[in-house]
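All values below were derived from every heavy atom in this structure, side-chain atoms included, with hydrogens, water molecules and symmetry-related copies excluded. Numbering starts at 1 and runs along the sequence shown.
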Amino acid sequence: MKISFEGKNALVSGASRGIGFAIAEAFAAAGAGVSICARGERGVREAEAQLRAHGGTVHAMACDLADAHAVAAWVNAAADALGSIDVLVNNATGYGVSNDEAGWAASLGVDLMASVRASDAALRHLSVRGGAIVHISSIAGLAPSPRTVPYGAVKAALIQYTTSQAIALAEKNIRVNCVAPGSVEFPGGIWDQRRAANPALYEAVRASIRFGRLGRPQEIANAVVFLSSDAASWITGQTLVVDGGQLLS
């Protein structure tokens, strides 16, 4: 099965590196025009340059996704630059770890509210010819998350939002799904840092995955591209766990 996004455009938030960049690159490789955003200007420009190597239209913008006005500005600028929006992927995370006001505000502001706001801003564009929204949650939203309480709770809220949004947008021919990754490792990412800072935790998590390794960003990207494509035309309101069986343990 060959998946093509020729003539279509995808927006991916939090896409300067890691899972977000892998998703954006997968869309670009499949022929899509792509818009990305992330908080840091330098990272956004470096990612933009790499995406342009695929030969398609690329739009990139630094954006504080905790800022409601900035989210809408990114979506609208992307629509102007690309000409249309067919796919929106809400990937960014504030990664609220601490169980305090700051931790909850970080996760609520980016993981949840940026997803809501980007969806609202993109709706009039997606409604033109239908399309897909994919939210990136986590297996932390499907099981107790004592080390990262706000993160897990807000990722659970994102899964519930997916189901409600799928019902509301079906009449507009917009499908809404969610991907829940397990522990994914990439240079500079959380698990790369933990390998050095907390090797006991890293090894415990690695040992809990029957395949003996953490996930790769491209493995999450493959699931997102599938759910966004015509190959998944009869799938909506679902959360796809991509974790190598980690949650089973």
Side-chain angles (χ1 to χ4, degrees), residues 2-65 67-92 110 114-136 165 169 172-177 179 217-218 220-233 236:
K2 179 176 173 58
I3 292 177
S4 173
F5 280 87
E6 293 287 345
K8 295 184 178 183
N9 300 301
L11 277 60
V12 186
S13 68
S16 62
R17 64 184 187 129
I19 291 173
F21 177 77
I23 293 169
E25 187 168 47
F27 277 115
V34 176
S35 174
I36 63 169
C37 75
R39 188 166 185 171
E41 180 76 32
R42 179 177 178 179
V44 167
R45 296 307 157 203
E46 290 175 351
E48 178 186 16
Q50 293 178 67
L51 292 172
R52 288 193 184 280
H54 291 278
T57 303
V58 178
H59 170 263
M61 182 173 168
C63 175
D64 179 359
L65 287 160
D67 181 334
H69 298 294
V71 174
W74 167 57
V75 172
N76 291 327
D80 289 342
L82 301 177
S84 68
I85 298 174
D86 300 282
V87 179
L88 170 66
V89 181
N90 290 307
N91 165 75
V110 177
S115 300
V116 172
R117 291 161 176 159
S119 297
D120 289 347
L123 183 57
R124 67 185 179 91
H125 304 288
L126 287 164
S127 298
V128 173
R129 54 186 185 185
I133 297 173
V134 179
H135 302 298
I136 306 301
Q165 193 181 31
L169 298 184
K172 299 181 183 295
N173 196 31
I174 298 171
R175 297 180 301 103
V176 186
N177 290 291
V179 171
Q218 293 78 11
I220 311 305
N222 291 341
V224 173
V225 168
F226 164 70
L227 286 173
S228 305
S229 75
D230 292 340
S233 59
T236 195

N/O donor-acceptor pair under 3.5 Å between [X] side chain and [Y] backbone:
X	Y	answer
Thr57	Gly33	no
Asn91	Ile136	no
Thr236	Val176	yes

Which heavy atom in [X] sits nearest to a heavy atom in [Y], and how many Å separate them?
X	Y	answer
Val34	Ala28	CG2-N, 3.8 Å
Asp64	Arg39	OD2-NH2, 4.2 Å
Pro217	Gly18	CB-O, 3.7 Å
Val179	Ala223	CG2-CB, 4.4 Å
Ser115	His135	CB-ND1, 4.0 Å
Val44	Ala60	CG1-CB, 3.5 Å

Item checked: Those residues that, when tested against Glu48, pass salt bridge (charged side-chain N to carboxylate O under 4.0 Å, His left out) (two or more places apart) ->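 Only Arg45, Arg52 meet the salt bridge (charged side-chain N to carboxylate O under 4.0 Å, His left out) criterion with Glu48.
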Notebook entry, point to check: Can you tell me how far CG of Leu82 sits from OG of Ser35, rounded to the nearest 0.5 angstrom?
Noted result: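 Rounded to the nearest 0.5 Å, the OG-CG separation comes to 5.5 Å.
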Item checked: Point-to-point distance, once rounded to the nearest 0.5 Å, from OG of Ser228 to CZ of Arg175 ->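 The distance works out to 7.0 Å.
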Check: Does the pair His125 and Asn76 meet the rule for a side chain to side chain contact (heavy atoms under 4.5 Å, CB included), with working shown?
Finding: CA-CA 9 Å; His125 304 288; Asn76 291 327; 3.7 Å; yes
Next item on the list: With side chain to side chain contact (heavy atoms under 4.5 Å, CB included) as the test, would you mind laying out the steps for His59 and Asn9 before giving the verdict?
Entry: CA-CA 10 Å; His59 170 263; Asn9 300 301; over 6 Å; no
Checklist line | Residues Ser84, Val128; criterion side chain to side chain contact (heavy atoms under 4.5 Å, CB included); working and verdict | finding: CA-CA 8 Å; Ser84 68; Val128 173; over 6 Å; no
Checklist line | Stepwise side chain to side chain contact (heavy atoms under 4.5 Å, CB included) test for Phe27 and Val224 | finding: CA-CA 9 Å; Phe27 277 115; Val224 173; 4.2 Å; yes
Notebook entry, point to check: By ring pair (Phe, Tyr, Trp, His ring centres under 6.0 Å), which residues pair with Phe21, not counting sequence neighbours?
Noted result: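 For Phe21 there are no ring pair (Phe, Tyr, Trp, His ring centres under 6.0 Å) partners, ignoring immediate neighbours.
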